[in-house]
Number of protein chains: 2
Amino acid sequence: MKIGDIAKRTGLKVETVRFYEGEGLIAAPRRSGGNYRLYDESHLDRLTFIKRSRDLGFTLDQVRDLLRLADDPRGSCDAVDEMAVLHIAEIDHKLAGLQTLREEIVKWGRCDATTIAECRLIDALSSRLP
Amino acid sequence: MKIGDIAKRTGLKVETVRFYEGEGLIAAPRRSGGNYRLYDESHLDRLTFIKRSRDLGFTLDQVRDLLRLADDPRGSCDAVDEMAVLHIAEIDHKLAGLQTLREEIVKWGRCDATTIAECRLIDALSSRLP
DNA sequence: CTTGACCCTCTAGTGACATGAGGGTGCATA
DNA sequence: TATGCACCCTCATGTCACTAGAGGGTCAAG
């Protein structure tokens, strides 16, 4: 598999795959005569793991941790569990923040004024902080 | 007002205030004999506006637009309105994404396995993409 | 007169890539 | 054989919105 193929199969961009290699998240693959990267199924598995973890919102550092844990089949599952729980807490925090924010904006309602001078949105933004 | 005072009153960090000046979001204030920045109420207003906009999730470029609009009291309010609507749409998109993500993680349930080899979380992450 | 809180400029780092320059490879078609 | 085209390579730099640090200066209180 060339880098374009594996990118397509994982849903990553070509540049991102190279970036992950530079970051040490995946091993450098062998090269073709023309110096092209050649990947096999093990790379596909690893990149899939990374892609899914990233899609779930884990940072690259967290992905590094998950990979280390996943690489030891006899290790304990507890650490993974803990990461998931913490991650959910973070997501809930973000959800709450976005909800509040949405309500804030909706609260302005549609601005029926015609000029900026009477615009409620601009008004709300201009008001001094409490 | 010195930079520390205005930072406290706006809820911004000192470095952020200087950063906004460098970015041209606020005018450079006059200086004291000792080369300290000295701010007045107009700076306070503008920084408050920026801070509130940022808290609501607008990017600095959007803040720039909002400032330009706010600076013309006779201008039309429509553009501001449109930005708010677009912004809400973006927020809804993010909310939906986070919800899905949360469900994904919760779906794994608590991992009652003891070793990584049986861990459902690791399993879910390893599975090939559809 | 010294201490400590505050201020200054300038540079570099963060996360997770994206973009572009300037070139090489490999295969099909004219 | 030449040529076009899609794909690949490395290396450098840009993105966003700050944040941190080095190395210094200012100012009021005790």
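In the text below, chain A, chain B and the rest are named by the order of the sequence lines, each starting its count at 1.
Side-chain atoms of Ser42(A) and Asp40(A) include a donor-acceptor pair closer than 3.5 Å.
Following rounding to the nearest Å, Leu38(A) (CG) and dC7(D) (C1') show an atom-to-atom distance of 13 Å. dC7(D) atom P lies 17 Å from atom CD1 of Ile6(A), rounded to whole Å. The nearest whole Å value for the distance from the CD1 atom in Ile50(A) to the C1' atom in dG15(C) is 16 Å. With rounding to whole Å, Phe58(A) atom CZ is found 17 Å from dG15(C) atom C1'. Regarding Met1(A), its CE atom lies at a distance of 16 Å from the C1' atom of dC8(D), rounded to whole Å. Following rounding to the nearest Å, Ile26(B) (CD1) and dA17(D) (P) show an atom-to-atom distance of 16 Å. Atoms CD (Glu23(A)) and C1' (dT14(C)) sit 12 Å apart, rounded to a whole Å. Rounded to whole Å, the distance from NZ on Lys51(B) to C1' on dA17(D) is 13 Å.
Taking NE2 of His43(A) as the start and CD1 of Ile50(A) as the end, the distance is 10.0 Å to the nearest 0.5 Å. In this structure, Asp45(B) CG and Thr10(B) OG1 are separated by 11.5 Å, a value rounded to the nearest 0.5 Å.
The phosphate of dA16(C) (OP1 or OP2) has no side-chain N or O of Thr16(A) nearer than 4.0 angstrom. Proximity of Arg37(A) to the phosphate of dC9(D): a side-chain N or O atom is located under 4.0 Å from OP1 or OP2. The phosphate of dC7(C) has neither OP1 nor OP2 within less than 4.0 Å of any side-chain N or O from Arg31(B). The phosphate of dC17(C) (OP1 or OP2) has a side-chain N or O of Tyr20(A) nearer than 4.0 angstrom.
Distance from the side chain of Phe19(B) is smallest for dA17(D) among the nucleotides dA17(D), dC17(C), dT9(C). Side chain of Val14(A), nearest nucleotide from dC8(C), dC8(D), dA16(C): dC8(D).
For Tyr36(B), there are no ring pair (Phe, Tyr, Trp, His ring centres under 6.0 Å) partners at least two apart in sequence or on another chain. Qualifying side chain to side chain donor-acceptor pair (under 3.5 Å) partners for Asp92(A), counting only residues two or more places apart in sequence or in other chains: Arg102(B).
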Write out a two-atom table: protein N or O, nucleotide N or O from nucleotides 11-16 of chain D, distance below 3.5 Å.
none

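Sequence neighbours left out, the pairs with a member in residues 17-34 of chain B that pass side-chain hydrogen bond (donor to acceptor under 3.5 Å, both in side chains) are Glu21(B)-Arg37(B), Arg31(B)-Asn35(B).
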What's the verdict on salt bridge (charged side-chain N to carboxylate O under 4.0 Å, His left out) for Lys51(B) and Asp55(B), showing C-alpha distance, side-chain angles and the deciding distance?
CA-CA 6 Å; Lys51(B) 162 78 169 154; Asp55(B) 282 350; 3.4 Å; yes

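Checked by atom type and distance alone, the side chain of Arg46(A) pairs as donor or acceptor with a backbone atom of Leu25(A) at under 3.5 Å.
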I need a per-nucleotide contact map over nucleotides 20-30 of chain D, read 5' to 3'. Cutoff is protein heavy atoms under 4.0 Å; write B for the base, S for backbone only, - otherwise.
S----BBS---

Which donor-acceptor pairs under 3.5 Å do the side chains of residues 1-8 of chain B make with protein atoms, sequence neighbours left out?
| residue | atom | partner | partner atom | Å |
| --- | --- | --- | --- | --- |
| Asp5(B) | OD2 | Lys2(B) | N | 3.1 |

